[in-house]
Enquirer: 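Submitted below is the structure of interest, expressed as structure tokens.
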2 protein chains.
Amino acid sequence: MNIQANISNPDIPERCRYCVARRHGICGTLDDDQLIALSRHATQRKVGPGTTLVGDGEAIAIFSNVLAGTIKLTKTLADGRQQIVGLQFAPDFVGSLFRVTSSCTAEAATKAMLCTFPKAVVERMIAESPRLRSRLMEQALKELDEARSWMLTLAQKTASEKIASFLLLIAGRPGAAHGPGTRVAVELPLSRGEIGDFLGMTIETVSRQLTRLSKNGMIRFQSRRRLVINDISYLERCARL
Amino acid sequence: MNIQANISNPDIPERCRYCVARRHGICGTLDDDQLIALSRHATQRKVGPGTTLVGDGEAIAIFSNVLAGTIKLTKTLADGRQQIVGLQFAPDFVGSLFRVTSSCTAEAATKAMLCTFPKAVVERMIAESPRLRSRLMEQALKELDEARSWMLTLAQKTASEKIASFLLLIAGRPGAAHGPGTRVAVELPLSRGEIGDFLGMTIETVSRQLTRLSKNGMIRFQSRRRLVINDISYLERCARL
DNA sequence: CGTCCTGTTGACAGTGATCAACTGGCGTGG
DNA sequence: CCACGCCAGTTGATCACTGTCAACAGGACG
């Protein structure tokens, strides 16, 4: 997007040079000076699965780019029933602006790499950069659309359709046209229980559906978390996409 | 919010003077000149239930303020299964910006009054008004949060909890603290079938849950669409809020 | 008065939840 | 090095909630 950024300025810190957030995320909307200013307050950190980024109802004091790994956003009922309401991958930006408090918990689902900024600095950048603002608006609308699509999945689809939809989501952008028989290797970023919380079904049903697909020969497990989808287009038909 | 607006300018058209969109909606972010400019391209129209505002996948050429009535946003699977993914009331603004195509259908659920603007004019206003932009961002984030909360309802709650959640949604903002025994009259903006499409259940289950509440004495029907909630706090307990 | 449409009620069936037992991988400690 | 325990996941048996199918009720309207 920003050609000049690539041949750029020696003042740009090492870690920003080849960063996904700069190439495909929100940092790509900043000019060199802004990027340098922002990076002065940025800290990169590696977190393990289960690390909480933003607790439910807490004021959000910190914002992060996801550089690697998967972040899950969850909502929980008083009696413990839980729902994963969104997944974020690199180079998404975590922490919704303008909301005083977050109404979800954001938690690392896998080990993840984050680039974190204090709230005040992000807000100053937003005030200064129209491109950043429109990028954030874009991401908010994308997330809104994803959430609504998932509502359709949660409320209307059967267990096997839900599993197919989930595998396709993880396998990647549904935009790419797959001929019949296309094989894709996939690493699941969620445990069986988390998949259940994402799809609104129990761990047992998740397990049964996965073994069914495995016995069908439509997928092959290499380990608990790694599998190969033997025919993407079959799954697309299953998912009613 | 804008005191000056009330004692204002004789050039402001009659229909804008006491308009909800000006008092509580996006038009409140505009100054007098901007409002006058926008109103020159605005047309108010009354539509009946079932009128389609934006078809699924169509390019959005028109944006509207909802001045009265209820608009439903729906997504549909190829085989006809349908999900209502959002409801909009006055003074919400319909038609998400920056998305080339809509991925939902927007349709009037009741008879409704709209104030409609051509796309180009709205975009010019957005370019000119920072307050309008941040108002739209706010609405997008509010809708995102509502969608995610509803995901929790769809995926985790039982039929009776869903019905209770729905009645509370319609009865109004859950912010207001209700003592036990508070009575509220409610007009349902959706048919039984639409309630089913919103809650992810069948028309029969909706009907059974409503008659159950009615026989319990927790609600009393005055007609098919009108009812009185006898104890809001009871419903809140049912909904697990 | 008959027709249509929406909603209600009943009988029954099926999907997925629940409860429970079991398996396999992995790390710890003897 | 092996025994052990632990945890995640799998598999099986049973149950119940909600979906399905069908008949019926009650307004609205010509």
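First the proteins, then the strands, lettered A, B, ... as listed; each starts at 1.
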Enquirer: On the nucleotide dG16(C), are OP1 or OP2 found under 4.0 Å from the side-chain N or O atoms that Thr202(A) carries?
Expert: no

Enquirer: What residues form a side chain to side chain donor-acceptor pair (under 3.5 Å) with Arg45(B), not counting sequence neighbours?
Expert: none

Enquirer: Answer yes or no: does a side-chain N or O of Thr205(B) lie under 4.0 Å from OP1 or OP2 of dG19(D)?
Expert: yes

Enquirer: Taking only the side-chain heavy atoms of Thr211(A) (C-beta and beyond), determine which of dG7(C), dT10(D), dT18(C) contains the nearest atom.
Expert: dT10(D)

Enquirer: Cut-off 3.5 Å, no hydrogens considered: what does the side-chain donor-acceptor table look like for residues 67-74 of chain B, sequence neighbours left out?
Expert:
residue  : atom : partner   : partner atom : Å
Lys72(B) : NZ   : Glu194(B) : OE2          : 2.7

Enquirer: Sequence neighbours excluded, which residues qualify as side chain to side chain donor-acceptor pair (under 3.5 Å) partners of Thr205(A)?
Expert: Thr202(A)

Enquirer: Please work out which residues in residues 150-160 of chain A have a non-hydrogen atom less than 4.0 Å from an atom of DNA chain C and list them by number.
Expert: Thr158(A), Ala159(A)

Enquirer: Tell me, please, which residues at least two apart from Thr76(A) pass side chain to side chain contact (heavy atoms under 4.5 Å, CB included).
Expert: Gln82(A)

Enquirer: Using the test side chain to side chain donor-acceptor pair (under 3.5 Å), find all partners of Glu187(A) that sit at least two apart in sequence or belong to another chain.
Expert: Arg226(A)

Enquirer: Write out all pairs satisfying ring pair (Phe, Tyr, Trp, His ring centres under 6.0 Å) with one or both partners inside residues 140-160 of chain B, taking only residues at least two apart or from two chains.
Expert: Trp150(B)-Phe198(B)

Enquirer: Would you mind classifying the nucleic acid contact of Gly200(A) as base, sugar-phosphate or nothing, using non-hydrogen atoms under 4.0 angstrom?
Expert: sugar-phosphate

Enquirer: Could you go through nucleotides 21-30 of chain D and list every protein N or O atom that sits under 3.5 Å from one of its N or O atoms, giving the distance for each pair?
Expert:
residue : atom : partner   : partner atom : Å
dC21(D) : N4   : Glu204(B) : OE2          : 2.9

Enquirer: Which residues satisfy the side chain to side chain contact (heavy atoms under 4.5 Å, CB included) test with Arg212(A), sequence neighbours excluded?
Expert: Ser160(A), Gln209(A), Asn216(A)

Enquirer: Would you kindly say whether Thr43(B) and Thr116(B) are connected by a side-chain donor-acceptor distance under 3.5 Å?
Expert: no

